[in-house]
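Scroll down for the structure; my scribbles are underneath it.
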Amino acid sequence: MPAAAAPIISSVQKLVLYETRARYFLVGSNHAETKYRVLKIDRTEPKDLVIIDDRHVYTQQEVRELLGRLDLGNRTKMGQKGSSGLFRAVSAFGVVGFVRFLEGYYIVLITKRRKMADIGGHAIYKVEDTNMIYIPNDSVRITHPDEARYLRIFQNVDLSSNFYFSYSYDLSHSLQYNLTVLRMPLEMLKSETTQTRQESFDIFEDEGLITQGGSGVFGICSEPYMKYVWNGELLDIIKNTVHRDWLLYIIHGFCGQSKLLIYGRPVYVTLIARRSSKFAGTRFLKRGANCEGDVANEVETEQILCDASVMSFTAGSYSSYVQVRGSVPLYWSQDISTMMPKPPITLDQADPFAHVAALHFDQMLQRFGSPIIILNLVKEREKRKHERILSEELVAAVTYLNQFLPPEHTIIYIPWDMAKYTKSKLCNVLDRLNVIAESVVKKTGFFVNRPDSYCSILRPDEKWNELGGCVIPTGRLQTGVLRTNCVDCLDRTNTAQFMVGKCALAYQLYSLGLIDKPNLQFDTDAVRLFEELYEDHGDTLSLQYGGSQLVHRVKTYRKIAPWTQHSKDIMQTLSRYYSNAFSDADRQDSINLFLGVFHPTEGKPHLWELPTDFYLHHKNTMRLLPTRRSYTYWWTPEVIKHLPLPYDEVICAANLKKLIVKKFHKYEEEIDIHNEFFRPYELSSFDDTFCLAMTSSARDFMPKTVGIDPSPFTVRKPDETGKSVLGNKSNREEAVLQRKTAASAPPPPSEEAVSSSSEDDSGTDREEEGSVSQRSTPVKMTDTGDSTKVTENVVQPMKEVYGINLSDGLSEEDLSIYSRFVQLGQSQHKQDKSSQQLCSRCPDGVIKLTIRLNLFPKSTS
C-alpha cells in the first residue's frame with residue numbers, strides 16, 4: 001500500500017559559492033544535480049546582510065546560462081577572454097549560518113562531511129570541516145581592532161567535533177515523533193495542504209500537480225525542536241527570507257551505529273545524543289538551572305533499533321527508546337576560585353515554591369508525557385554535607401509539585417546512592433541497577449511501529465504483559481521518560497543509562513521477534529556491542545562537558561576492569577581537573593558567542609570584560625519579571641489534558657501549524673528516498689557506496705573458532721570474543737583472573753583508592769561499609785566451577801578447535817563418505833607421479849596418515 005506521507009528531502013545538498021566584486025552567488029542543487037536554486041548576497045553593504053532568493057527552481061542548462069551571463073557582465077573589458085568576471089570561491093555541502101561581530105557578516109559553510117549512520121535510508125552526516133568567509137568587499141570594509149579576537153573566540157567552537165545533520169531526517173526530534181507525524185490522517189493532510197497553498201508566497205509549490213489530477217503523495221516537513229538545534233541563532237536572520245531547503249539545522253552531541261548480525265539478518269543499533277543549546281556550557285561554570293527551567297548538561301539519548309533488510313519507514317520494523325540526563329533543576333553552583341578539586345556546593349537562591357523545577361518538568365511533560373521518573377544517584381550519607389544538599393532540595397521540590405498533579409501523573413522519584421554501593425564488598429551495583437531498569441521500562445514502555453508479533457502470542461511472557469506505555473493499532477508509544485542525574489551527570493549517569501538501555505534493548509528485540517524472551521545477559525556479543533556504543537557515547541559527552549573522557553566505566557562497576565585501567569582513570573581525573581581550572585572559561589565564552597547568548601555591540605563591554613555570564617543566561621535579572629505562574633497550577637493546561645501522551649505528538653491545531661505539508665508526484669525526487677539512497681543515476685564506486693564502516697557483531701565480537709554458536713545472544717568467555725573485553729588478549733592468565741574477579745571477588749585496595757579519589761562528583765569522605773541495604777542484591781562469595789574454568793581457558797577442548805571430537809568414533813555414514821574421498825585421492829596420486837614423489841618427501845606424520853587411510857575397505861557402490 002503506498003505511503004500516505006513521506007519526509008521531504010532537501011533539494012539543496014551541493015553548493016558552489018561564486019564571487020564577483022559586488023556580489024556572492026550561492027548555487028545549490030540536489031544530489032542528482034537536476035534542480036538548482038540561487039542565492040544572491042550583496043557585498044557592498046559594510047554591516048548589513050542583504051540576501052535575495054528568487055525562489056525559482058532552475059535546470060542545469062539554465063544555471064549554466066545564468067553563470068555565463070554573470071561572467072560576461074562582470075569582466076573588466078567587454079569581449080576580453082583572458083580575465084574572468086566570475087570566480088568559483090568554494091564548494092560546500094550546506095550553510096551553517098551567518099554571523100556578525102563588530103564589522104560585517106561572515107558566512108559559515110560545511111566543506112567536508114562524513115556519513116555516520118543510516119535510518120530507513122535517511123543518511124546522517126557528521127561535519128568534518130567548515131569554511132568561514134567574510135562577505136563585504138575590502139573596498140567597503142570598516143575595520144575594528146577587536147574583530148580578530150571575536151573571530152578567534154567564535155572559531156574555538158570546533159564544528160568538526162560531534163556536530164551532525166541530515167537532509168531528510170529531523171535529528172532534533174525523536175523517531176517516535178517523526179513517524180507519528182507521517183501517520184497523520186489523510187483528511188488533516190489535505191486541509192493543511194490547502195492552508196499551505198493559500199498562505200505560501202512560493203508560486204512554484206504545487207506546479208505540475210494539476211496534470212496528474214491531484215493524485216500524489218504528501219510530503220511533510222516539521223519545524224525542528226529548537227532546544228536541540230545549535231545553529232538556530234546563526235540561521236535566524238535568513239529564516240524568513242529564503243526557501244526552507246537552504247536551512248540546514250545542526251545538532252551537537254553523539255551519533256553512532258553498529259550492525260547486529262543475527263544468523264545473517266542485519267539489525268542496526270543506533271545511538272543518538274542531542275545536547276541542549278539552552279544553558280549550555282562547561283562543568284563548573286554551568287550548574288543547576290536558569291530562570292526558564294533549562295538545566296545544564298541536558299542531553300536526550302535515543303537508541304534506535306531497525307531491521308536493515310527492509311529500508312522503508314512504512315514497511316520496515318523500527319523501535320526506539322528515549323532517556324534524559326541533566327543537572328539537578330535548582331539554583332545552585334560551585335565556586336571554582338578556591339582551586340579545590342571538588343568545590344563546595346552552594347544554593348544561590350531560595351525557591352520555596354519550586355518555580356524553576358516546575359518550569360523544567362512542565363517542558364518534560366510536554367515533550368515526553370507522563371510519568372516523569374527521576375533517578376537520583378547523588379550521595380545520601382556523608383560525614384560532611386556536600387552532595388546531600390541537592391538531594392534534600394530536590395526531594396522537597398518534587399514533593400511540593402506532586403501534591404497538585406493528578407495521582408496517576410505524579411513525578412516518580414527514585415533515590416539511590418550509587419557511590420556507597422560501589423564501595424561496598426557485599427552488593428552488586430549492576431544487579432540493583434537492573435532491577436531499577438526493569439521497573440522503569442515497564443512504566444514508560446517504548447516505541448515500535450508495528451503491532452505485537454504473533455510469536456509473543458504463541459509464547460507469552462509475563463514481563464511483556466506488564467509493559468506500560470500506550471498500545472495503538474499500529475504499534476506502541478513510549479509515554480514518559482527516565483531522567484537520570486548525579487552531580488556532574490557523567491560517569492555514574494552513563495552507567496545507569498547503559499543498564500536502562502540494555503533492558504530496553506531486550507524488549508525492543510523481543511518486540512521485533514528476534515529473541516524469545518525480553519532478557520539479555522552480559523558477555524554476549526549483542527551486549528558487548530551495545531556497551532561499546534554507550535562507552536563511546538559517554539566519552540564524547542564527558543569531553544564536551546567535563547573536559548576528559550569517562551573516569552569510571554561499566555567494566556569498573558562490574559569489577560572486571562584490567563589493572564592498567566587504574567592509571568588511565570588517574571590520568572583522566574587529572575585531565576578533567578586541568579580542563580576545569582584553566583580552559584573552561586575560554587570554552588564557555590566561545591559557546592556563549594556561538595549560540596548568540598552574547599551579541600557584541602559597539603560601546604558596550606566586550607565578552608572578555610564581563611566578570612560573569614550569569615546575567616546573560618538568567619534573563620529575568622535584566623528586565624522586569626513577567627507574570628508568574630500559579631504556585632499550584634504550575635503546568636500548561638493543554639499539556640495536562642492529553643497526558644499520558646506527550647502534547648507535542650497530539651494532533652491538534654497548534655501542532656499542525658508547525659508542519660509544512662506539500663503534495664508531490666509519486667516519483668518526485670523530493671520524496672523518493674529509494675532514489676536518494678541508492679542513486680541509480682550516477683556511476684558509483686566502492687569507496688562511496690561502502691563509506692559507512694560500522695562496527696559489526698559478527699566481525700568484531702564473534703569468536704573466530706570453528707563450531708562456535710554464531711548467535712549474538714550466546715554468553716561467551718572473556719577470551720573467546722573477537723574483540724577482547726579486558727583489553728589484553730594475549731595474557732590468558734590475566735583473563736582467567738579477571739573472570740574470577742567478575743564473578744565475586746571484591747576490588748583490590750588500589751581500586752578503592754582510585755575510586756574514592758577520582759569518582760566523578762563524589763565527595764572526599766569515605767563511606768562506612770558496615771550496613772548494606774536489604775534491597776541490594778548480594779553476590780556469591782564462592783564459585784565451585786573456578787578450577788574447571790581455569791583448565792578450559794588454558795587448554796581448549798578439541799571440539800572448539802576442530803569443530804568435532806576426533807577421539808569419538810565415526811558413524812557409518814561419515815565413514816563411507818570419508819572412504820570415498822580417500823579413493824578419489826588415491827586415484828589422483830596414481831595419475832600424477834610427481835605428486836607421489838612430493839608426498840614421499842613429506843614428514844613422517846603425513847606418511848603415517850596416508851598409510852592409515854589405505855586401511856579403509858574399498859566401497860562397493
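Quick caveat: nothing in here was measured; it's all calculated off a predicted structure.
The backbone N or O of Arg275 lies less than 3.5 Å from a partner atom in the side chain of Trp230, making a donor-acceptor pair. Side-chain atoms of Asp700 never come within 3.5 Å of backbone atoms of Met694 as a donor-acceptor pair (strictly under, hydrogens ignored). Side chain of Arg244 to main chain of Cys221: no donor-acceptor pair is present (N/O by atom type, distance under 3.5 Å, no hydrogens or angles). Under the 3.5 Å distance criterion, the side-chain polar atoms of Asn162 are left unmatched by any main-chain donor or acceptor of His252. Judged by distance alone, with hydrogens and angles left aside, the side-chain atoms of Asn74 form no donor-acceptor pair with the main-chain N or O of Leu86 at under 3.5 Å. Remark: side-chain polar atoms of Ser160 are not paired, donor with acceptor, to backbone N or O of Val127 under 3.5 angstrom. The main-chain N or O of Gly316 is found under 3.5 Å from a side-chain atom of Asn449 such that the two form a donor-acceptor pair. Remark: the backbone N or O of Glu638 is not paired with any side-chain donor or acceptor of Thr636 at under 3.5 angstrom. Remark: the backbone N or O of Asp158 is not paired with any side-chain donor or acceptor of Ser161 at under 3.5 angstrom. Side chain of Thr111 to backbone of Asp129: a donor-acceptor contact under 3.5 angstrom is found.
Heavy-atom neighbours of Tyr667 OH from other residues, nucleotides or ligands within 6.0 Å: at or below the threshold of 12. In Arg679, the CZ atom is crowded: over 12 heavy atoms of neighbouring residues, nucleotides or ligands sit closer than 6.0 Å.
Annotation: the span from Phe87 atom CZ to Thr20 atom OG1 amounts to 9.5 Å, rounded to 0.5 Å. To the nearest 0.5 angstrom, Tyr18 atom OH is 10.5 Å from Leu26 atom CG. With rounding to the nearest 0.5 angstrom, the CZ atom of Arg69 is 6.5 Å from the CD atom of Glu65.
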Could you walk me through whether Tyr167 and Tyr125 pass the ring pair (Phe, Tyr, Trp, His ring centres under 6.0 Å) test, one step at a time?
-> CA-CA 9 Å; Tyr167 298 113; Tyr125 296 97; 5.7 Å; yes

Taking it one step at a time, do Ser511 and Phe446 satisfy side-chain contact (heavy atoms from CB on, under 4.5 Å)?
-> CA-CA 10 Å; Ser511 69; Phe446 62 95; 3.6 Å; yes

Dump the intermediate steps for salt bridge (Lys or Arg N to Asp or Glu O under 4.0 Å) on Glu298 and Lys227, then the final yes or no.
-> CA-CA 10 Å; Glu298 184 173 6; Lys227 184 175 187 176; 3.1 Å; yes

Do Ile52 and Asp42 pass the side-chain contact (heavy atoms from CB on, under 4.5 Å) test, and can you show the C-alpha distance, the side-chain angles, and the key distance before you say yes or no?
-> CA-CA 8 Å; Ile52 300 174; Asp42 190 14; over 6 Å; no

Check against side chain to side chain donor-acceptor pair (under 3.5 Å), Gln13 and Glu676 = CA-CA 11 Å; Gln13 299 187 21; Glu676 174 72 16; 3.1 Å; yes

Going through the distances and angles, do Leu365 and Tyr647 end up as a side-chain contact (heavy atoms from CB on, under 4.5 Å)?
-> CA-CA 8 Å; Leu365 288 172; Tyr647 178 70; over 6 Å; no

So Leu49 and Ile237, side-chain contact (heavy atoms from CB on, under 4.5 Å) or not? Walk me through it.
-> CA-CA 9 Å; Leu49 182 64; Ile237 191 170; 3.8 Å; yes

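Sorted by first and then second residue, the salt bridge (Lys or Arg N to Asp or Glu O under 4.0 Å) pairs involving residues 245-271 (not counting sequence neighbours) are Arg265-Asp307.
Not a single side chain to side chain donor-acceptor pair (under 3.5 Å) links Tyr105 to another residue, sequence neighbours left out. Looking at residues two or more places apart in sequence or on another chain, you find a salt bridge (Lys or Arg N to Asp or Glu O under 4.0 Å) between Arg274 and Glu300, Glu302. Qualifying salt bridge (Lys or Arg N to Asp or Glu O under 4.0 Å) partners for Glu233, counting only residues two or more places apart in sequence or in other chains: none. Scored by the side chain to side chain contact (heavy atoms under 4.5 Å, CB included) test, Ala89 finds Leu17, Glu19 as partners (sequence neighbours excluded). Checked against side chain to side chain contact (heavy atoms under 4.5 Å, CB included), Pro224 has the following partners two or more places apart in sequence or in another chain: Asp170, Ser172, Met226, Val229, Tyr249. Remark: Asp236 pairs with Lys239 by the side chain to side chain contact (heavy atoms under 4.5 Å, CB included) rule, at least two apart or across chains. Under the salt bridge (Lys or Arg N to Asp or Glu O under 4.0 Å) criterion, Lys278 pairs with no residue at all, not counting sequence neighbours. Partners of Thr444 by side chain to side chain donor-acceptor pair (under 3.5 Å), not counting sequence neighbours, listed by chain and number: Tyr321. Partners of Lys14 by salt bridge (Lys or Arg N to Asp or Glu O under 4.0 Å), not counting sequence neighbours, listed by chain and number: Glu33. The side chain to side chain donor-acceptor pair (under 3.5 Å) search around Gln478 returns none, not counting sequence neighbours. Under the side chain to side chain donor-acceptor pair (under 3.5 Å) criterion, Thr270 pairs with Gln257, sequence neighbours left out.
Using a 4.5 Å cut-off on side-chain heavy atoms (C-beta onward), Val27 and Tyr36 make contact. For the pair Ser168/Ile673, a side-chain contact is recorded, criterion being any heavy-atom separation below 4.5 Å from C-beta on. Within the 4.5 Å cutoff, side-chain heavy atoms of Phe594 are placed close to those of Leu234. Side-chain contact check for Ser222 versus Tyr177: some heavy-atom pair is nearer than 4.5 Å. Between Val299 and Gln544, every side-chain heavy-atom pair lies at or beyond the 4.5 Å cut-off. Looking only at side-chain heavy atoms (C-beta outward), Val57 and Arg37 come within less than 4.5 Å of each other. Counting only heavy atoms from C-beta outward, the side chains of Thr34 and Gln60 never approach each other to under 4.5 Å. With contacts defined as side-chain heavy-atom distances shorter than 4.5 Å, the pair Ile262/Leu260 qualifies.
A salt bridge does not link Glu62 with Lys35: none of the charged nitrogens is closer than 4.0 Å to a carboxylate oxygen. Between Arg476 and Asp452 a salt bridge is recorded (basic side-chain N to carboxylate O distance below 4.0 Å).
Residues Asn675 and Glu669 have side chains that never bring a donor and an acceptor to within less than 3.5 angstrom of each other. A donor atom on one side chain and an acceptor atom on the other are not found under 3.5 Å apart for Arg450 and Thr474.
Using cut-offs of 30° and 60° on the angle between ring planes, the pair Tyr169 and His122 is tilted. Below 30°, between 30° and 60°, or above 60°: for Tyr318 and Phe313 the angle between ring planes is above 60°, a perpendicular geometry.
Under the salt bridge (Lys or Arg N to Asp or Glu O under 4.0 Å) test applied with Glu128, the options Arg114, Lys112, Lys115 reduce to a single match, Arg114. With Tyr134 as the fixed residue, the ring-ring contact (aromatic ring centres under 6.0 Å, His included) test singles out one of Phe98, Tyr24, Tyr106: Tyr106.
Proximity of the aromatic rings of Tyr225 and Tyr228 is defined here by a centroid distance below 6.0 angstrom, and this criterion is met.
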